[in-house]
Amino acid sequence: MEQRGEMGKNTERIDRLAIFSSGTENFVSPMEPDVNEDVMIRCRVGKNNADFVYLVTGAEKIPMDKQTSDGRFDYYGVKIHLGTECFSYYFLIQKGNQKVYFNRQGDVDEPLPHYAYCIFPGYKTPDWAKGAVIYQIYVDRFYNGNKRNNVVDSEYSYIGEHVKEVKDWNKYPATMGVREFYGGDLQGVLDKLDYLQELGVEVIYLNPIFVSPSNHKYDTQDYDYIDPHFTVIKNDGGEVLAEGDNDNAHATKYIKRVVNRENLEASNGFFADFMEKVHARGMKVILDGVFNHCGSFNKWMDRERIYEKDSSYSPGAYVAEDSPYHTFFKFLDGGEWPYNGHYNGWWGHDTLPKLNYEESEKLMAYIMRIAKKWVSPPYNVDGWRLDVAADLGFSQEFNHKFWREFRKNVKEANQDAIILAEHYGDPGPWLSGGEWDTIMNYDAFMEPVSWFLTGVDKHSDVSRPDLRGNSGMFFARMVEYSAKFTMQSWLAAMNELSNHDHSRFYTRTNGRVGRTASAGPEMANVGVKKETMMAAVMMQMTWSGAPTLYYGDEAGVCGWTDPDSRRTYSWGREDLELLRFHKEAIRIHKDYEALKTGCLIYLICEENVVGFGRFDDHDKVFTLVQAGGRQREVVVPVWRLEMEDGQFMASMLYCDHSGYSLSAHVYEVENGCVTINMPPDSAIIVKSVERSY
């Protein structure tokens with residue numbers, strides 16, 4: 001979260017490159033202080049290179065004491081007593097008549113307030129989530145472990161057409177693929193737990209698994225139950241729809257499968273057992289919560305009239321005006337009951353009724369119960385990923401009220417559960433300790449990495465060759481967007497290269513613009529560059545945050561943006577070299593605490609080349625990446641990682657157009673630097689070692 005400045009030529013001047021601080025434990029102790037607790041804040045400067053160092057907070061300038069020194073640096077510190085509110089600060093370094101400020105932008109001549117460091121007393125994120133290796137699974141496309149629960153042809157109608165069971169696992173998703181079901185399920189996830197653990201996965205993030213008519217399940221039908229198509233169907237039977245019949249009131253097979261209480265209770269029982277088996281391996285699970293809107297199939301609305309004839313369910317708001325769920329939705333003028341379809345839909349989609357919390361305390365209480373239910377026994381889920389979280393509600397004021405209440409309920413039930421939001425743009429208003437823990441990190445990871453390495457945006461809709469290898473733009477974006485985080489949210493941020501909403505990163509490496517409807521799915525596989533994919537993973541595994549793999553990326557699965565990015569995992573057709581590479585990169589990430597919670601410092605910003613370091617008291621690591629470019633030698637100032645002359649560093653992982661290597665090339669630190677030979681399209685991870693070997 002800190003960037004280099006320009007080094008002064010005169011040795012009497014302040015050495016800007018020597019100045020460093022961070023919100024990590026090395027420089028803020030404790031990193032996550034409680035309310036009304038003392039905290040030690042530190043700043044590093046060059047040895048004998050400052051007359052005074054001040055911590056500046058508001059209009060107050062607090063002198064810092066020189067606490068320790070080593071061969072190159074002096075370390076200044078000051079103890080601050082926190083209250084209950086955010087404590088923001090930056091540093092002022094003085095030498096003679098010179099002044100340099102340091103904040104999250106780096107060394108600057110004039111500090112801007114929004115780059116100040118911020119400590120929110122009492123704000124903690126789960127320790128297990130900091131730097132955790134997460135694996136995202138789109139369940140229908142991962143593995144079919146139980147064919148008896150498959151959605152069958154014409155089981156019901158969805159958005160005007162009958163659903164289809166895909167018999168060919170390797171078929172590309174259709175352009176309008178929400179009605180296609182490949183049969184992946186939670187038994188399939190259980191069957192592949194050995195695979196996931198061998199890969200190095202610590203946390204499984206599941207796309208929605210609650211009862212829903214689509215394969216993506218972002219149109220929840222019943223928040224209280226896991227979809228039996230993903231678990232077990234105890235009581236089967238009924239009829240599929242006849243050809244030409246789209247009336248789901250006649251879809252008796254579907255109704256029996258997902259409305260029948262025996263099936264629903266058995267499904268939840270299966271999920272409780274699923275969670276127990278995952279936890280027994282020391283792994284965790286995050287569920288996807290869609291609370292901004294539900295689906296038109298939802299039992300509260302029942303637009304499809306699949307609950308209408310079951311007396312154990314109350315009438316839906318579409319069916320009857322006096323429904324107990326009437327206030328859950330905002331009905332518009334011009335409609336009448338029974339069967340009133342005039343209601344507010346998210347972005348105008350009548351298949352996605354927007355939930356009307358402001359006018360329904362009952363709805364609010366219901367969802368808070370759901371928030372607690374799944375993180376409590378017997379399920380004990382380890383957290384929520386929140387879909388379109390900033391859209392929830394009809395005002396920002398209510399949005400924040402909702403998420404404060406949501407956090408209160410979740411943390412009361414399970415203090416160690418994570419609350420992770422889907423979000424684009426500035427997350428700062430939600431990351432002050434009272435709402436979200438962290439976010440899916442698009443702006444300060446996925447986008448800058450994609451532009452730098454491929455010159456293509458995350459949807460493969462825009463090509464900007466001028467941004468490929470543009471290190472200045474890469475760091476400018478990282479500095480700007482990372483400053484929106486607190487340190488505890490930054491270390492747990494979900495750093496993805498691909499996911500279900502965007503093109504596969506491997507496809508982006510071909511530099512093409514395209515979608516499956518216009519270019520065809522085969523073109524997503526053409527011209528991909530394995531060395532670029534590897535370089536991206538090396539950045540992902542050494543950057544601050546929780547590296548998150550989208551299922552199949554590790555095996556070479558390609559795909560344009562949604563729906564093509566939702567291809568099945570390529571069992572039996574994996575790219576084994578890429579898979580082995582992922583295992584090694586993940587192993588390196590997990591082996592060193594510095595790569596989970598250590599400081600991040602920007603080291604190299606040259607044409608086509610970026611370099612950054614991670615360090616703590618035990619290990620010093622740097623990563624160099626060249627996008628395109630030419631054969632060159634890169635001089636890395638490892639003294640800024642607190643390496644001394646005569647010490648050694650060794651390469652741990654290297655990749656270029658010929659593949660990857662684990663061979664340890666040893667470098668001796670000379671004049672504070674090591675020199676790395678970098679071919680075009682290459683990357684390397686180098687770590688401190690005790691001695692030459």
Side-chain angles (χ1 to χ4, degrees), residues 1-24 26-29 39-81 86-119 472 475-476 478-480 482-483 487 599-606 611-613 615 635-645 671-673:
M1 299 173 76
E2 294 76 27
Q3 189 179 13
R4 54 174 276 179
E6 297 181 1
M7 187 173 181
K9 301 296 184 182
N10 188 329
T11 57
E12 293 300 312
R13 296 187 62 80
I14 295 176
D15 185 350
R16 289 173 174 252
L17 286 179
I19 305 169
F20 186 77
S21 190
S22 170
T24 56
N26 279 44
F27 292 91
V28 176
S29 182
V39 61
M40 176 61 69
I41 300 175
R42 302 179 181 89
C43 180
R44 187 188 80 185
V45 299
K47 183 74 172 286
N48 299 322
N49 196 232
D51 296 331
F52 303 98
V53 178
Y54 298 97
L55 183 144
V56 184
T57 176
E60 189 176 5
K61 194 168 70 173
I62 304 171
M64 302 180 72
D65 298 324
K66 184 190 295 188
Q67 296 181 328
T68 59
S69 298
D70 57 26
R72 288 187 181 270
F73 303 107
D74 293 329
Y75 299 84
Y76 284 76
V78 64
K79 184 175 287 187
I80 299 294
H81 182 74
C86 171
F87 181 81
S88 64
Y89 64 95
Y90 54 91
F91 302 99
L92 167 62
I93 296 90
Q94 286 188 238
K95 182 176 176 62
N97 60 1
Q98 303 170 60
K99 291 183 179 181
V100 175
Y101 296 93
F102 192 88
N103 58 14
R104 290 199 287 184
Q105 193 176 14
D107 55 287
V108 294
D109 294 321
E110 291 295 334
L112 298 173
H114 58 278
Y115 288 110
Y117 293 96
C118 295
I119 299 174
F475 280 124
M478 286 298 194
V479 169
E480 178 182 357
S482 66
M487 184 54 67
C599 304
L600 171 69
I601 187 169
Y602 303 162
L603 297 173
I604 299 292
C605 181
E606 298 178 2
F612 57 91
F615 68 96
V635 179
V636 184
V638 295
W639 64 271
R640 299 184 65 216
L641 292 173
E642 303 181 355
M643 293 293 297
E644 300 285 350
D645 285 355
N671 298 318
C673 300

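Quick caveat: nothing in here was measured; it's all calculated off a predicted structure.
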Review point. What residues form a side chain to side chain contact (heavy atoms under 4.5 Å, CB included) with Val100, not counting sequence neighbours?
Key: Ile14, Arg16, Ile19, Asp107
Listed by chain and number, what are the ring-ring contact (aromatic ring centres under 6.0 Å, His included) partners of [X], not counting sequence neighbours?
{"X": "Tyr115", "result": "none"}
{"X": "Phe27", "result": "Phe20"}
{"X": "Tyr76", "result": "none"}

**Study point:** Donor on one side chain, acceptor on other, Tyr89 and Asn103, under 3.5 Å
**Key:**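 Side chains of Tyr89 and Asn103: no pair found under 3.5 Å.
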Approximate separation, where rounding is to 0.5 Å, of [X] [atom1] and [Y] [atom2]:
{"X": "Gln105", "Y": "His114", "atom1": "CD", "atom2": "NE2", "result": "7.0 Å"}
{"X": "Tyr75", "Y": "Asn26", "atom1": "OH", "atom2": "CG", "result": "9.0 Å"}
{"X": "Ser22", "Y": "Phe615", "atom1": "OG", "atom2": "CZ", "result": "7.5 Å"}
{"X": "Arg13", "Y": "Asp15", "atom1": "CZ", "atom2": "CG", "result": "11.0 Å"}

Least distance between heavy atoms, [X] atom then [Y] atom:
{"X": "Phe102", "Y": "Ser21", "answer": "CE2-N, 3.4 Å"}
{"X": "Pro637", "Y": "Cys673", "answer": "CA-SG, 3.9 Å"}
{"X": "Leu603", "Y": "Gly613", "answer": "CD1-N, 3.8 Å"}
{"X": "Lys95", "Y": "Asn49", "answer": "CD-O, 3.3 Å"}
{"X": "Tyr90", "Y": "Pro111", "answer": "CE1-CG, 3.6 Å"}
{"X": "Arg104", "Y": "Ala483", "answer": "NH2-O, 2.5 Å"}

May I ask you to test the [X]-[Y] pair for a side-chain heavy-atom distance under 4.5 Å?
{"X": "Met40", "Y": "Val28", "result": "no"}
{"X": "Arg42", "Y": "Ser29", "result": "yes"}
{"X": "Phe91", "Y": "Tyr117", "result": "yes"}
{"X": "Leu92", "Y": "Tyr101", "result": "yes"}
{"X": "Arg640", "Y": "Ile601", "result": "yes"}

Practice item. Evaluate the side-chain contact (heavy atoms from CB on, under 4.5 Å) criterion for residues Tyr602 and Val479: first the C-alpha distance (whole Å), next the side-chain angles of each, then the deciding distance (0.1 Å), finally the verdict. Key: CA-CA 10 Å; Tyr602 303 162; Val479 169; 3.6 Å; yes
Check your understanding: Residues two or more places apart in sequence or in another chain: which of them pass salt bridge (Lys or Arg N to Asp or Glu O under 4.0 Å) with Arg72?
Key ->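 Expected list: Asp645.
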Practice item. Identify, with sequence neighbours excluded, every residue that meets salt bridge (Lys or Arg N to Asp or Glu O under 4.0 Å) alongside Lys47. Key: none
Show which side-chain atoms of residues 50-69 pair as donor or acceptor with protein atoms under 3.5 Å away, not counting sequence neighbours.
| from | atom 1 | to | atom 2 | distance (Å) |
| --- | --- | --- | --- | --- |
| Asp51 | OD2 | Gly96 | N | 2.7 |
| Thr57 | OG1 | Ser88 | O | 2.9 |
| Ser69 | OG | Asp74 | OD1 | 2.6 |

Exercise for review: Might you work through the side-chain contact (heavy atoms from CB on, under 4.5 Å) test for Ile41 and Phe87, ending with a clear yes or no?
Suggested key: CA-CA 11 Å; Ile41 300 175; Phe87 181 81; 3.9 Å; yes
Check your understanding: Excluding sequence neighbours, so at least two apart, what forms side chain to side chain donor-acceptor pair (under 3.5 Å) with Glu480?
Key -> none
